[in-house]
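Encoded as structure tokens, the structure appears first; notes follow it.
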Amino acid sequence: MMNALAIIPNENKLEVDPFYHDLEEGERHGKGIKRFCDRHNLGITSESLGLNEGEYPGYRWQQAVASIGHLVICLDEELWAFLPERLSNNQRKWFKEHKHFFTKYKKRLSYVVFNEIGEIIEASEYLHSDSYHNLFNYIKNEETRESELKR
């Protein structure tokens, strides 16, 4: 089974290309996220997360990166999406361009949406048959909210 990571930056906060990383055998997603954080000097470190160097528990790294506006996708036996509360135009576009990928994993798809202080504002696990539809409804509704704010 492939283990991989993708981080789609919010272009309004960090003007870099999406980060894609195939994980080595036994490598944790958090370690790949740490590479992204270090590469772009995001200030997210083991110390800032209250962790010891080399610790990658649960979704702490994903939560930290999503709460500052970047979209994190983790793939192993499941597909996990960690979303910021407000998606950027490029992130919404990326979801539309990669919808087929999410469709492929729709029975093993989970997602979590974090606000700016790292609180979960919406979540759905793959055990719920509607996770795929809930995720794309969230994206569609978020896009509608964004266009209403611009008026």
Side-chain angles (χ1 to χ4, degrees), residues 1-139 142:
M1 173 58 75
M2 177 184 200
N3 290 336
L5 166 70
I7 301 175
I8 315 310
N10 178 325
E11 71 279 5
N12 301 312
K13 297 180 180 198
L14 184 63
E15 291 187 49
V16 298
D17 291 333
F19 175 83
Y20 298 102
H21 180 67
D22 291 332
L23 302 173
E24 296 176 17
E25 184 70 31
E27 185 178 7
R28 304 283 306 260
H29 289 100
K31 187 172 183 181
I33 295 168
K34 181 184 184 310
R35 284 189 186 134
F36 176 82
C37 293
D38 290 349
R39 180 180 295 167
H40 299 294
N41 301 312
L42 298 183
I44 299 171
T45 63
S46 297
E47 184 178 337
S48 74
L49 296 175
L51 303 171
N52 293 320
E53 191 65 37
E55 275 190 304
Y56 305 103
Y59 57 80
R60 297 279 301 277
W61 288 89
Q62 292 88 328
Q63 176 187 28
V65 171
S67 67
I68 62 169
H70 307 298
L71 169 63
V72 180
I73 306 296
C74 296
L75 175 64
D76 49 32
E77 299 86 38
E78 297 176 37
L79 178 61
W80 280 87
F82 299 91
L83 291 80
E85 183 174 10
R86 298 281 181 247
L87 294 170
S88 70
N89 289 335
N90 283 352
Q91 291 166 337
R92 283 191 294 273
K93 181 180 173 187
W94 185 89
F95 264 114
K96 289 175 185 173
E97 290 172 353
H98 293 83
K99 191 170 184 174
H100 66 281
F101 182 74
F102 289 86
T103 302
K104 179 179 174 183
Y105 287 93
K106 77 189 301 181
K107 293 187 191 272
R108 294 177 289 154
L109 171 65
S110 301
Y111 74 93
V112 182
V113 181
F114 295 102
N115 67 14
E116 292 176 346
I117 59 172
E119 296 172 328
I120 295 173
I121 60 168
E122 185 169 328
S124 185
E125 293 191 38
Y126 74 95
L127 298 173
H128 301 174
S129 60
D130 291 340
S131 288
Y132 173 84
H133 296 291
N134 291 345
L135 173 61
F136 282 93
N137 281 337
Y138 180 84
I139 295 165
E142 200 280 325

Rounded to the nearest 0.5 Å, how far does CG of Leu109 lie from NZ of Lys104? 13.5 Å

Asn134 backbone acceptor or donor facing Asp130 side chain under 3.5 Å: no

N/O donor-acceptor pair under 3.5 Å between Ser131 side chain and Glu125 backbone: yes

Of all heavy-atom pairs between Ala66 and Pro84, which one has the smallest distance, and what is that distance? O-CB, 3.1 Å

Measure the CG-CG distance between Asn90 and Asn12 for me, rounded to the nearest 0.5 Å. 8.0 Å

Are the side chain of Tyr138 and the backbone N or O of Glu85 linked by a donor-acceptor pair below 3.5 Å? yes

Do Val112 and Trp80 have side chains that approach each other closer than 4.5 Å (heavy atoms only, starting at C-beta)? yes

Can you classify the ring geometry of Phe101 versus Tyr105 as parallel (below 30°), tilted (30 to 60°) or perpendicular (above 60°)? tilted

Assert yes or no for the condition that the ring centre distance of His40 to Phe36 is strictly below 6.0 Å. yes

Are a donor atom and an acceptor atom from the side chains of Tyr132 and Thr103 found within less than 3.5 Å of each other? yes

Can you check whether Cys37 reaches Val65 side chain to side chain, under 4.5 Å on heavy atoms? yes

Is there a side-chain contact between Val72 and Trp61 in this structure, where contact means two heavy atoms from C-beta onward sitting under 4.5 Å apart? no

If you define the side chain from C-beta out and look only at heavy atoms, does anything of Ile139 sit under 4.5 Å from Glu142? no

Below 4.5 Å, heavy atoms only, C-beta onward: do Asp76 and Leu23 meet side chain to side chain? no

Measure from the side-chain N and O atoms of His21 to the backbone N and O of Ala4, and report whether any donor-acceptor pair falls under 3.5 Å. no

Would a line drawn from the ring center of Tyr59 to the ring center of Phe114 be shorter than 6.0 Å? yes

Does the side chain of Tyr56 reach to within under 4.5 Å of the side chain of Ile33, using non-hydrogen atoms? no

Check whether any side-chain N or O of Ser48 sits under 3.5 Å from a backbone N or O of Ile44 as a donor-acceptor pair, and report yes or no. no

Going from CZ on Arg60 to CD on Gln62, what distance comes out if it is rounded to the nearest 0.5 angstrom? 11.0 Å

How many angstroms lie between atom CZ of Phe82 and atom CD1 of Ile120, to the nearest 0.5 angstrom? 9.0 Å

What pairs of residues pass the salt bridge (charged side-chain N to carboxylate O under 4.0 Å, His left out) test when at least one of them lies in residues 10-32, not counting sequence neighbours? Glu27-Arg35

Donor-acceptor under 3.5 Å (His70 side chain, Asn10 main chain): yes

Check whether any side-chain heavy atom of Leu5 sits under 4.5 Å from a side-chain heavy atom of Phe19, and report yes or no. yes

Can you name the nearest heavy-atom pair linking Gly54 to Ser46, along with the distance? N-OG, 4.1 Å

Using modelled atom types and a 3.5 Å cut-off, is there a donor and acceptor pairing between side-chain atoms of Glu122 and backbone atoms of Val113? no

Relative to each other, are the rings of Phe102 and Phe95 parallel, tilted or perpendicular (30° and 60° limits)? tilted

Closest non-hydrogen contact found for Glu78 with Ser110 is OE1-OG, 3.5 Å

Suppose the criterion is salt bridge (charged side-chain N to carboxylate O under 4.0 Å, His left out): which pairs have a residue in residues 38-58, not counting sequence neighbours? Lys34-Asp38, Lys34-Glu53

